[in-house]
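One structure below.
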2 protein chains.
Amino acid sequence: MPALVITSRDNPRYKTLRKLVQDANSYRSLQRVWVEGDHLCDAALSRGWQPQELILAESNAEGLTRYAAHAQRAVLLPDRLFAELSALPSSRGVGMVFALPAAQGVDPDAPTVVLDRLQDAGNVGSILRSASAFGFRQVLAIKGTAALWAPKVVRAGMGAHFALALHELADEGLVQQLRVPLLATSSHQGDFVHARAWPWPCAWLMGHEGQGVSPALMAQAQAFARIAQPGGEESLNVAAAAAICLHASAVARTGD
Amino acid sequence: MPALVITSRDNPRYKTLRKLVQDANSYRSLQRVWVEGDHLCDAALSRGWQPQELILAESNAEGLTRYAAHAQRAVLLPDRLFAELSALPSSRGVGMVFALPAAQGVDPDAPTVVLDRLQDAGNVGSILRSASAFGFRQVLAIKGTAALWAPKVVRAGMGAHFALALHELADEGLVQQLRVPLLATSSHQGDFVHARAWPWPCAWLMGHEGQGVSPALMAQAQAFARIAQPGGEESLNVAAAAAICLHASAVARTGD
(Lines give C-alpha, C1' and ligand atoms only; values in the text may rest on other atoms or scores of the structure.)
Protein backbone atom coordinates (compact mmCIF):
# COMPACT_ATOMS: atom_id res chain seq x y z
CA MET A 1 0.00 0.00 0.00
CA PRO A 2 1.33 3.47 -0.78
CA ALA A 3 2.41 5.19 2.44
CA LEU A 4 2.90 8.91 2.67
CA VAL A 5 5.17 10.28 5.38
CA ILE A 6 4.38 13.79 6.57
CA THR A 7 6.92 15.44 8.81
CA SER A 8 5.88 19.10 8.85
CA ARG A 9 2.84 20.63 10.46
CA ASP A 10 2.79 23.08 7.56
CA ASN A 11 2.05 20.31 5.09
CA PRO A 12 -1.28 21.19 3.43
CA ARG A 13 -2.59 17.67 3.80
CA TYR A 14 -1.77 17.71 7.51
CA LYS A 15 -3.45 21.09 7.91
CA THR A 16 -6.63 19.79 6.29
CA LEU A 17 -6.54 16.74 8.53
CA ARG A 18 -6.15 18.92 11.62
CA LYS A 19 -9.12 20.98 10.53
CA LEU A 20 -11.16 17.82 10.08
CA VAL A 21 -10.27 16.57 13.57
CA GLN A 22 -10.49 19.80 15.49
CA ASP A 23 -13.26 21.79 13.83
CA ALA A 24 -16.55 20.14 14.74
CA ASN A 25 -18.40 21.18 11.57
CA SER A 26 -15.62 20.95 8.99
CA TYR A 27 -16.73 17.48 7.86
CA ARG A 28 -19.61 19.12 6.05
CA SER A 29 -17.42 21.18 3.74
CA LEU A 30 -14.69 18.54 3.50
CA GLN A 31 -17.21 15.72 2.97
CA ARG A 32 -15.03 13.42 5.04
CA VAL A 33 -15.27 12.13 8.58
CA TRP A 34 -12.58 11.39 11.14
CA VAL A 35 -12.65 8.25 13.25
CA GLU A 36 -9.98 7.68 15.90
CA GLY A 37 -8.82 4.77 18.02
CA ASP A 38 -8.97 1.01 17.59
CA HIS A 39 -12.50 0.58 18.91
CA LEU A 40 -14.13 3.05 16.54
CA CYS A 41 -12.02 2.06 13.55
CA ASP A 42 -12.93 -1.60 14.12
CA ALA A 43 -16.59 -0.66 14.47
CA ALA A 44 -16.53 1.08 11.11
CA LEU A 45 -14.68 -1.77 9.37
CA SER A 46 -17.01 -4.39 10.82
CA ARG A 47 -19.93 -2.55 9.24
CA GLY A 48 -18.22 -2.64 5.87
CA TRP A 49 -17.01 0.95 5.80
CA GLN A 50 -13.91 1.47 3.64
CA PRO A 51 -11.48 4.16 4.79
CA GLN A 52 -9.98 6.55 2.27
CA GLU A 53 -6.92 6.99 4.43
CA LEU A 54 -5.32 5.27 7.37
CA ILE A 55 -3.51 7.76 9.63
CA LEU A 56 -0.86 6.31 11.92
CA ALA A 57 1.64 7.55 14.43
CA GLU A 58 5.04 6.25 13.37
CA SER A 59 5.51 4.29 16.57
CA ASN A 60 2.29 2.35 15.94
CA ALA A 61 3.83 -0.40 13.84
CA GLU A 62 1.09 -2.80 14.94
CA GLY A 63 -1.52 -0.48 13.45
CA LEU A 64 0.09 -0.69 10.04
CA THR A 65 0.02 -4.48 10.16
CA ARG A 66 -3.50 -4.55 11.47
CA TYR A 67 -5.19 -2.01 9.22
CA ALA A 68 -3.11 -1.53 6.05
CA ALA A 69 -5.17 -3.98 4.02
CA HIS A 70 -8.35 -1.96 4.65
CA ALA A 71 -7.25 1.47 3.48
CA GLN A 72 -6.52 2.90 0.06
CA ARG A 73 -3.59 4.86 1.45
CA ALA A 74 -1.62 5.19 4.68
CA VAL A 75 -0.27 8.43 6.10
CA LEU A 76 2.50 8.14 8.69
CA LEU A 77 3.01 10.97 11.15
CA PRO A 78 5.76 11.51 13.68
CA ASP A 79 4.26 10.80 17.11
CA ARG A 80 4.35 14.48 18.04
CA LEU A 81 2.30 15.44 14.97
CA PHE A 82 -0.23 12.71 15.64
CA ALA A 83 -0.48 13.86 19.25
CA GLU A 84 -1.10 17.46 18.15
CA LEU A 85 -3.85 16.25 15.91
CA SER A 86 -5.48 13.83 18.28
CA ALA A 87 -8.40 14.53 20.53
CA LEU A 88 -7.68 11.45 22.62
CA PRO A 89 -4.95 11.74 25.22
CA SER A 90 -4.74 7.95 25.39
CA SER A 91 -4.86 7.31 21.65
CA ARG A 92 -2.48 4.65 20.51
CA GLY A 93 -1.98 6.55 17.29
CA VAL A 94 -4.50 5.35 14.77
CA GLY A 95 -7.23 7.16 12.91
CA MET A 96 -9.15 6.76 9.67
CA VAL A 97 -10.69 9.16 7.20
CA PHE A 98 -13.93 8.04 5.57
CA ALA A 99 -16.07 9.67 2.92
CA LEU A 100 -19.10 11.30 4.49
CA PRO A 101 -22.03 9.04 3.54
CA ALA A 102 -24.16 10.54 0.80
CA ALA A 103 -27.56 11.81 1.85
CA GLN A 104 -30.29 9.28 1.23
CA GLY A 105 -34.04 9.38 1.42
CA VAL A 106 -35.81 8.87 4.73
CA ASP A 107 -37.19 5.37 5.31
CA PRO A 108 -40.77 6.09 6.39
CA ASP A 109 -41.15 2.69 8.09
CA ALA A 110 -37.89 2.41 10.02
CA PRO A 111 -37.68 2.64 13.81
CA THR A 112 -36.42 6.19 14.18
CA VAL A 113 -35.17 8.73 16.69
CA VAL A 114 -35.80 12.41 15.94
CA LEU A 115 -33.42 14.88 17.61
CA ASP A 116 -34.89 18.37 17.86
CA ARG A 117 -32.04 20.85 18.26
CA LEU A 118 -30.07 18.95 20.91
CA GLN A 119 -26.98 20.97 21.80
CA ASP A 120 -24.66 18.76 23.77
CA ALA A 121 -22.29 16.49 21.82
CA GLY A 122 -22.19 13.97 24.67
CA ASN A 123 -25.97 13.76 24.80
CA VAL A 124 -26.27 13.32 21.04
CA GLY A 125 -23.61 10.60 20.98
CA SER A 126 -25.17 8.80 23.92
CA ILE A 127 -28.59 8.82 22.25
CA LEU A 128 -27.16 7.45 19.00
CA ARG A 129 -25.54 4.68 21.02
CA SER A 130 -28.81 3.87 22.80
CA ALA A 131 -30.70 4.01 19.51
CA SER A 132 -28.41 1.43 17.95
CA ALA A 133 -28.45 -0.81 21.03
CA PHE A 134 -32.25 -0.84 21.14
CA GLY A 135 -32.81 -1.66 17.50
CA PHE A 136 -33.55 1.75 16.00
CA ARG A 137 -32.24 2.13 12.48
CA GLN A 138 -32.56 5.80 11.58
CA VAL A 139 -31.93 9.21 13.13
CA LEU A 140 -33.35 12.51 11.91
CA ALA A 141 -31.54 15.50 13.36
CA ILE A 142 -33.53 18.72 13.04
CA LYS A 143 -31.55 21.73 11.90
CA GLY A 144 -29.88 23.25 14.96
CA THR A 145 -28.89 19.88 16.45
CA ALA A 146 -25.19 19.39 17.22
CA ALA A 147 -23.34 18.16 14.12
CA LEU A 148 -23.71 14.36 14.17
CA TRP A 149 -20.31 13.61 12.68
CA ALA A 150 -18.38 16.03 14.88
CA PRO A 151 -15.49 14.02 16.35
CA LYS A 152 -16.81 14.47 19.89
CA VAL A 153 -20.21 13.04 18.90
CA VAL A 154 -18.57 10.18 17.01
CA ARG A 155 -16.52 9.31 20.11
CA ALA A 156 -19.57 9.39 22.35
CA GLY A 157 -21.47 7.26 19.83
CA MET A 158 -18.95 4.43 20.27
CA GLY A 159 -19.64 2.99 16.83
CA ALA A 160 -23.40 3.61 16.58
CA HIS A 161 -22.82 6.03 13.70
CA PHE A 162 -21.87 3.13 11.45
CA ALA A 163 -25.00 1.14 12.25
CA LEU A 164 -27.56 3.92 11.75
CA ALA A 165 -28.91 5.86 8.79
CA LEU A 166 -28.26 9.46 9.80
CA HIS A 167 -30.16 12.41 8.33
CA GLU A 168 -28.96 15.86 9.29
CA LEU A 169 -30.43 19.33 8.84
CA ALA A 170 -33.92 17.84 8.80
CA ASP A 171 -37.06 19.94 8.98
CA GLU A 172 -40.63 19.24 10.01
CA GLY A 173 -41.48 18.14 6.47
CA LEU A 174 -38.96 15.32 6.72
CA VAL A 175 -40.53 14.18 10.00
CA GLN A 176 -43.93 14.20 8.31
CA GLN A 177 -42.64 11.62 5.83
CA LEU A 178 -42.52 9.05 8.64
CA ARG A 179 -45.32 6.50 8.57
CA VAL A 180 -44.35 5.02 11.94
CA PRO A 181 -46.17 6.53 14.95
CA LEU A 182 -44.40 9.54 16.42
CA LEU A 183 -44.01 9.36 20.22
CA ALA A 184 -42.93 12.12 22.57
CA THR A 185 -42.27 12.44 26.29
CA SER A 186 -44.47 14.71 28.33
CA SER A 187 -44.56 15.71 31.98
CA HIS A 188 -48.34 15.90 32.14
CA GLN A 189 -50.04 13.64 29.60
CA GLY A 190 -49.95 10.10 28.28
CA ASP A 191 -49.23 6.74 29.86
CA PHE A 192 -46.25 6.03 32.03
CA VAL A 193 -43.50 4.70 29.83
CA HIS A 194 -43.05 1.54 31.92
CA ALA A 195 -46.77 0.78 32.20
CA ARG A 196 -47.78 -0.12 28.67
CA ALA A 197 -46.57 -1.60 25.40
CA TRP A 198 -45.61 0.86 22.70
CA PRO A 199 -46.10 0.50 18.96
CA TRP A 200 -43.17 -0.95 17.06
CA PRO A 201 -41.69 0.28 14.83
CA CYS A 202 -42.07 3.85 16.04
CA ALA A 203 -40.25 7.17 16.14
CA TRP A 204 -39.24 8.88 19.39
CA LEU A 205 -38.95 12.65 19.53
CA MET A 206 -36.24 14.06 21.83
CA GLY A 207 -35.86 17.79 22.34
CA HIS A 208 -33.47 20.62 23.16
CA GLU A 209 -31.87 20.39 26.62
CA GLY A 210 -33.51 23.59 27.84
CA GLN A 211 -36.55 24.17 25.67
CA GLY A 212 -37.62 20.61 24.93
CA VAL A 213 -39.36 19.68 21.68
CA SER A 214 -40.70 22.55 19.57
CA PRO A 215 -44.49 23.09 19.66
CA ALA A 216 -44.74 22.40 15.92
CA LEU A 217 -43.18 18.95 16.32
CA MET A 218 -45.08 18.21 19.52
CA ALA A 219 -48.26 18.82 17.56
CA GLN A 220 -47.28 15.99 15.22
CA ALA A 221 -46.85 13.45 18.05
CA GLN A 222 -49.43 10.68 18.10
CA ALA A 223 -48.81 9.45 21.65
CA PHE A 224 -47.12 10.72 24.78
CA ALA A 225 -45.13 8.92 27.44
CA ARG A 226 -44.53 10.07 30.98
CA ILE A 227 -41.49 9.02 32.98
CA ALA A 228 -42.42 8.43 36.62
CA GLN A 229 -40.07 10.39 38.84
CA PRO A 230 -40.93 9.45 42.41
CA GLY A 231 -38.04 11.52 43.75
CA GLY A 232 -40.22 14.58 43.36
CA GLU A 233 -38.02 16.46 40.91
CA GLU A 234 -39.22 16.56 37.30
CA SER A 235 -35.80 16.66 35.79
CA LEU A 236 -33.84 14.20 33.73
CA ASN A 237 -30.98 14.62 31.33
CA VAL A 238 -32.33 14.19 27.79
CA ALA A 239 -30.01 11.27 27.03
CA ALA A 240 -31.17 9.59 30.25
CA ALA A 241 -34.81 10.14 29.27
CA ALA A 242 -34.08 8.83 25.77
CA ALA A 243 -32.44 5.69 27.15
CA ILE A 244 -35.53 4.95 29.26
CA CYS A 245 -37.96 5.53 26.38
CA LEU A 246 -35.99 3.67 23.70
CA HIS A 247 -35.42 0.74 26.04
CA ALA A 248 -39.06 0.58 27.14
CA SER A 249 -40.26 0.79 23.58
CA ALA A 250 -37.85 -1.91 22.38
CA VAL A 251 -38.62 -4.44 25.14
CA ALA A 252 -42.37 -3.98 25.59
CA ARG A 253 -43.55 -3.54 22.08
CA THR A 254 -46.60 -4.43 20.10
CA GLY A 255 -46.89 -5.13 16.40
CA ASP A 256 -43.92 -7.47 16.02
CA MET B 1 -26.06 43.51 53.50
CA PRO B 2 -22.36 44.31 53.23
CA ALA B 3 -21.33 44.39 49.57
CA LEU B 4 -17.74 44.16 48.50
CA VAL B 5 -16.76 45.58 45.12
CA ILE B 6 -13.77 43.95 43.46
CA THR B 7 -12.35 45.70 40.43
CA SER B 8 -8.98 44.01 39.90
CA ARG B 9 -8.26 40.51 38.75
CA ASP B 10 -5.24 40.59 41.06
CA ASN B 11 -7.43 40.88 44.12
CA PRO B 12 -6.62 37.82 46.29
CA ARG B 13 -10.28 37.11 46.94
CA TYR B 14 -10.99 37.14 43.20
CA LYS B 15 -8.05 34.85 42.54
CA THR B 16 -9.35 32.34 45.07
CA LEU B 17 -12.79 32.52 43.52
CA ARG B 18 -11.36 31.91 40.07
CA LYS B 19 -9.51 28.88 41.37
CA LEU B 20 -12.73 27.57 42.89
CA VAL B 21 -14.61 27.97 39.62
CA GLN B 22 -11.97 26.81 37.19
CA ASP B 23 -10.03 24.12 39.01
CA ALA B 24 -12.27 21.05 39.23
CA ASN B 25 -10.75 19.72 42.45
CA SER B 26 -10.02 22.94 44.33
CA TYR B 27 -13.24 22.71 46.35
CA ARG B 28 -11.61 19.99 48.41
CA SER B 29 -8.81 22.19 49.70
CA LEU B 30 -10.95 25.33 49.84
CA GLN B 31 -13.88 23.50 51.49
CA ARG B 32 -16.28 25.61 49.47
CA VAL B 33 -18.39 24.92 46.40
CA TRP B 34 -19.35 27.14 43.46
CA VAL B 35 -22.87 27.21 42.11
CA GLU B 36 -23.70 29.36 39.08
CA GLY B 37 -26.84 30.58 37.38
CA ASP B 38 -30.39 31.19 38.57
CA HIS B 39 -31.57 27.61 38.21
CA LEU B 40 -28.86 26.05 40.35
CA CYS B 41 -28.83 28.86 42.92
CA ASP B 42 -32.61 28.52 43.31
CA ALA B 43 -32.27 24.74 43.63
CA ALA B 44 -29.79 25.15 46.48
CA LEU B 45 -31.88 27.78 48.28
CA SER B 46 -35.06 25.73 47.94
CA ARG B 47 -33.29 22.88 49.76
CA GLY B 48 -32.36 25.21 52.60
CA TRP B 49 -28.74 25.75 51.66
CA GLN B 50 -27.33 29.07 52.91
CA PRO B 51 -24.68 30.70 50.72
CA GLN B 52 -21.62 32.23 52.31
CA GLU B 53 -21.28 34.69 49.45
CA LEU B 54 -23.42 35.96 46.63
CA ILE B 55 -21.31 36.82 43.56
CA LEU B 56 -22.89 39.17 41.05
CA ALA B 57 -21.96 40.88 37.83
CA GLU B 58 -22.52 44.61 38.36
CA SER B 59 -25.10 44.79 35.59
CA ASN B 60 -27.23 42.14 37.30
CA ALA B 61 -29.19 44.51 39.52
CA GLU B 62 -32.11 42.09 39.57
CA GLY B 63 -29.88 39.45 41.12
CA LEU B 64 -29.07 41.71 44.06
CA THR B 65 -32.76 42.30 44.72
CA ARG B 66 -33.59 38.67 44.29
CA TYR B 67 -30.84 37.02 46.31
CA ALA B 68 -29.37 39.54 48.76
CA ALA B 69 -31.52 38.39 51.66
CA HIS B 70 -30.14 34.85 51.37
CA ALA B 71 -26.41 35.52 51.55
CA GLN B 72 -24.15 36.65 54.35
CA ARG B 73 -22.22 38.86 51.96
CA ALA B 74 -22.39 40.06 48.36
CA VAL B 75 -19.43 40.51 46.05
CA LEU B 76 -19.94 42.73 43.01
CA LEU B 77 -17.73 42.23 39.98
CA PRO B 78 -17.44 44.30 36.83
CA ASP B 79 -19.11 42.31 34.05
CA ARG B 80 -15.77 41.56 32.40
CA LEU B 81 -14.41 40.01 35.62
CA PHE B 82 -17.53 37.93 36.09
CA ALA B 83 -17.28 36.77 32.48
CA GLU B 84 -13.64 35.76 32.95
CA LEU B 85 -14.66 33.74 35.96
CA SER B 86 -17.74 32.14 34.56
CA ALA B 87 -17.99 28.76 32.95
CA LEU B 88 -21.34 29.60 31.40
CA PRO B 89 -21.32 31.68 28.24
CA SER B 90 -24.97 32.50 28.78
CA SER B 91 -24.76 33.23 32.49
CA ARG B 92 -26.73 36.25 33.58
CA GLY B 93 -24.07 37.00 36.13
CA VAL B 94 -24.96 35.27 39.37
CA GLY B 95 -23.14 32.68 41.41
CA MET B 96 -23.02 31.55 45.00
CA VAL B 97 -20.34 30.13 47.24
CA PHE B 98 -21.46 27.53 49.77
CA ALA B 99 -19.54 25.70 52.46
CA LEU B 100 -18.72 22.16 51.33
CA PRO B 101 -21.05 19.93 53.36
CA ALA B 102 -19.24 18.16 56.17
CA ALA B 103 -18.70 14.44 55.68
CA GLN B 104 -21.34 12.38 57.42
CA GLY B 105 -21.76 8.70 58.08
CA VAL B 106 -23.24 6.44 55.44
CA ASP B 107 -26.92 5.63 55.91
CA PRO B 108 -26.94 1.82 55.58
CA ASP B 109 -30.66 1.73 54.72
CA ALA B 110 -30.97 4.54 52.18
CA PRO B 111 -31.61 3.93 48.48
CA THR B 112 -28.11 4.45 47.13
CA VAL B 113 -26.09 4.71 43.94
CA VAL B 114 -22.45 3.61 44.06
CA LEU B 115 -20.16 5.14 41.43
CA ASP B 116 -17.04 3.06 40.85
CA ARG B 117 -14.37 5.31 39.30
CA LEU B 118 -16.57 7.01 36.70
CA GLN B 119 -14.44 9.46 34.74
CA ASP B 120 -16.74 11.70 32.77
CA ALA B 121 -18.18 14.75 34.53
CA GLY B 122 -21.26 14.75 32.31
CA ASN B 123 -21.96 11.10 33.08
CA VAL B 124 -21.55 11.62 36.82
CA GLY B 125 -23.82 14.69 36.81
CA SER B 126 -26.44 12.91 34.73
CA ILE B 127 -26.48 9.93 37.11
CA LEU B 128 -26.85 12.20 40.14
CA ARG B 129 -29.79 13.85 38.39
CA SER B 130 -31.40 10.49 37.62
CA ALA B 131 -30.75 9.30 41.18
CA SER B 132 -32.57 12.27 42.63
CA ALA B 133 -35.46 12.01 40.16
CA PHE B 134 -35.99 8.32 40.93
CA GLY B 135 -35.99 8.66 44.70
CA PHE B 136 -32.46 7.65 45.60
CA ARG B 137 -31.09 9.54 48.61
CA GLN B 138 -27.40 8.76 48.78
CA VAL B 139 -24.39 8.46 46.48
CA LEU B 140 -21.11 6.75 47.31
CA ALA B 141 -18.32 7.68 44.92
CA ILE B 142 -15.40 5.26 45.04
CA LYS B 143 -11.97 6.87 45.06
CA GLY B 144 -11.01 7.63 41.46
CA THR B 145 -14.47 8.87 40.48
CA ALA B 146 -14.66 12.38 39.00
CA ALA B 147 -14.90 14.99 41.78
CA LEU B 148 -18.62 15.28 42.57
CA TRP B 149 -18.56 18.99 43.35
CA ALA B 150 -16.50 19.99 40.32
CA PRO B 151 -18.40 22.85 38.66
CA LYS B 152 -18.97 20.78 35.51
CA VAL B 153 -20.54 17.95 37.52
CA VAL B 154 -22.65 20.41 39.50
CA ARG B 155 -23.95 21.92 36.25
CA ALA B 156 -24.79 18.51 34.80
CA GLY B 157 -26.51 17.56 38.07
CA MET B 158 -28.99 20.41 37.62
CA GLY B 159 -29.68 20.68 41.36
CA ALA B 160 -29.50 17.00 42.33
CA HIS B 161 -26.43 17.70 44.46
CA PHE B 162 -28.58 19.57 46.96
CA ALA B 163 -31.07 16.74 47.33
CA LEU B 164 -28.61 13.87 47.84
CA ALA B 165 -26.21 12.83 50.58
CA LEU B 166 -22.89 12.61 48.75
CA HIS B 167 -19.96 10.56 50.00
CA GLU B 168 -16.70 10.92 48.11
CA LEU B 169 -13.44 9.00 48.20
CA ALA B 170 -15.30 5.91 49.34
CA ASP B 171 -13.72 2.46 49.50
CA GLU B 172 -15.10 -1.07 49.49
CA GLY B 173 -15.42 -0.98 53.26
CA LEU B 174 -17.89 1.88 53.00
CA VAL B 175 -19.94 -0.08 50.47
CA GLN B 176 -19.96 -3.04 52.87
CA GLN B 177 -21.72 -0.84 55.43
CA LEU B 178 -24.83 -0.83 53.23
CA ARG B 179 -27.64 -3.07 54.47
CA VAL B 180 -29.73 -2.54 51.32
CA PRO B 181 -29.20 -5.15 48.59
CA LEU B 182 -26.41 -4.28 46.19
CA LEU B 183 -27.42 -4.63 42.51
CA ALA B 184 -25.16 -4.53 39.46
CA THR B 185 -25.65 -4.69 35.73
CA SER B 186 -24.21 -7.61 33.84
CA SER B 187 -24.11 -8.60 30.20
CA HIS B 188 -24.45 -12.33 30.87
CA GLN B 189 -26.23 -13.06 34.15
CA GLY B 190 -29.33 -12.09 36.08
CA ASP B 191 -32.84 -11.13 35.07
CA PHE B 192 -33.66 -8.56 32.44
CA VAL B 193 -34.10 -5.24 34.18
CA HIS B 194 -37.57 -4.69 32.70
CA ALA B 195 -38.84 -8.18 33.46
CA ARG B 196 -39.01 -8.30 37.25
CA ALA B 197 -39.52 -6.20 40.36
CA TRP B 198 -36.41 -5.19 42.23
CA PRO B 199 -35.94 -4.85 45.99
CA TRP B 200 -36.52 -1.39 47.40
CA PRO B 201 -34.62 0.28 48.91
CA CYS B 202 -31.52 -0.95 47.14
CA ALA B 203 -28.11 0.20 45.97
CA TRP B 204 -27.09 0.22 42.29
CA LEU B 205 -23.46 -0.18 41.33
CA MET B 206 -22.29 1.73 38.24
CA GLY B 207 -18.75 1.35 36.92
CA HIS B 208 -15.92 2.99 35.04
CA GLU B 209 -16.74 3.89 31.41
CA GLY B 210 -14.16 1.51 29.98
CA GLN B 211 -13.47 -1.11 32.64
CA GLY B 212 -16.86 -1.37 34.31
CA VAL B 213 -17.22 -2.23 37.99
CA SER B 214 -14.13 -3.61 39.74
CA PRO B 215 -14.11 -7.36 40.42
CA ALA B 216 -13.94 -6.73 44.19
CA LEU B 217 -17.15 -4.71 44.13
CA MET B 218 -18.86 -7.06 41.66
CA ALA B 219 -18.20 -9.85 44.14
CA GLN B 220 -20.28 -7.94 46.71
CA ALA B 221 -23.33 -7.64 44.43
CA GLN B 222 -26.35 -9.67 45.52
CA ALA B 223 -28.27 -9.55 42.25
CA PHE B 224 -27.57 -8.78 38.62
CA ALA B 225 -29.67 -7.07 35.99
CA ARG B 226 -29.31 -7.39 32.25
CA ILE B 227 -30.41 -4.68 29.85
CA ALA B 228 -31.93 -6.19 26.72
CA GLN B 229 -30.25 -4.71 23.67
CA PRO B 230 -32.09 -6.09 20.66
CA GLY B 231 -30.05 -3.91 18.31
CA GLY B 232 -27.29 -6.47 18.57
CA GLU B 233 -24.64 -4.19 20.03
CA GLU B 234 -23.86 -4.68 23.71
CA SER B 235 -22.98 -1.10 24.34
CA LEU B 236 -24.62 1.65 26.33
CA ASN B 237 -23.30 4.81 27.87
CA VAL B 238 -23.05 4.27 31.64
CA ALA B 239 -25.39 7.19 32.41
CA ALA B 240 -27.93 5.72 29.95
CA ALA B 241 -27.63 2.30 31.61
CA ALA B 242 -27.97 3.93 35.03
CA ALA B 243 -31.12 5.79 33.96
CA ILE B 244 -32.73 2.52 32.81
CA CYS B 245 -31.80 0.65 36.01
CA LEU B 246 -32.71 3.41 38.47
CA HIS B 247 -36.01 4.01 36.68
CA ALA B 248 -36.88 0.31 36.52
CA SER B 249 -36.02 -0.18 40.15
CA ALA B 250 -38.03 2.87 41.26
CA VAL B 251 -41.20 2.02 39.33
CA ALA B 252 -41.34 -1.76 39.68
CA ARG B 253 -40.25 -2.28 43.22
CA THR B 254 -41.03 -4.70 45.99
CA GLY B 255 -40.84 -4.10 49.72
CA ASP B 256 -42.61 -0.74 49.88
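To find a chain, count down the sequence lines: A is the first, B the second, and so on, and within it residues start at 1.
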Are [X] and [Y] packed together at the side-chain level, in the sense that at least one heavy-atom pair is separated by less than 4.5 angstrom?
| X | Y | result |
| --- | --- | --- |
| W149(B) | V154(B) | yes |
| L236(B) | Q229(B) | yes |
| D38(A) | V94(A) | yes |
| M206(A) | V213(A) | no |

Among [options], residue most engaged with chain A (heavy-atom pairs, under 4.5 Å):
| options | answer |
| --- | --- |
| A241(B), A239(B), G231(B) | G231(B) |
| A228(B), S235(B), G135(B) | S235(B) |
| I127(B), V251(B), I227(B), L246(B) | V251(B) |

Notebook entry, point to check: Any idea which heavy atoms bring G105(B) and H167(B) closest together, and the distance?
Noted result: O-CE1, 3.4 Å
Notebook entry, point to check: Using non-hydrogen atoms and a limit below 4.5 Å, what part of residues 116-126 of chain A faces chain B?
Noted result: S126(A)
Notebook entry, point to check: Do any of residues 178-194 of chain A have a heavy atom less than 4.5 Å from a heavy atom of chain B, and if so, which, in residue order?
Noted result: V193(A), H194(A)
Note to self: Among residues at least two apart in sequence or on other chains, which ones pass salt bridge (Lys or Arg N to Asp or Glu O under 4.0 Å) with E62(A)?
What the structure shows: R66(A), R92(A)
Check: In a check of side chain to side chain contact (heavy atoms under 4.5 Å, CB included) between T145(B) and each of L115(B), V114(B), L140(B), which one passes?
Finding: L115(B)
Checklist line | Any side-chain donor near an acceptor of the partner, S249(A) and W200(A), under 3.5 Å | finding: no
Notebook entry, point to check: Can Y67(B) and N60(B) be counted as having a side-chain donor-acceptor contact under 3.5 angstrom?
Noted result: no
Could you give the side-chain donor-acceptor pairs of residues 157-166 of chain A under 3.5 Å, partners two or more places apart or in another chain?
unit_1	atom_1	unit_2	atom_2	d
H161(A)	NE2	L148(A)	O	2.6

Checklist line | With H247(B), the ring-ring contact (aromatic ring centres under 6.0 Å, His included) member among W198(B), F134(B), W204(B) | finding: F134(B)
Checklist line | Greatest number of heavy atom pairs closer than 4.5 Å to chain B - which of R47(A), R137(A), E209(A), H39(A) | finding: R47(A)
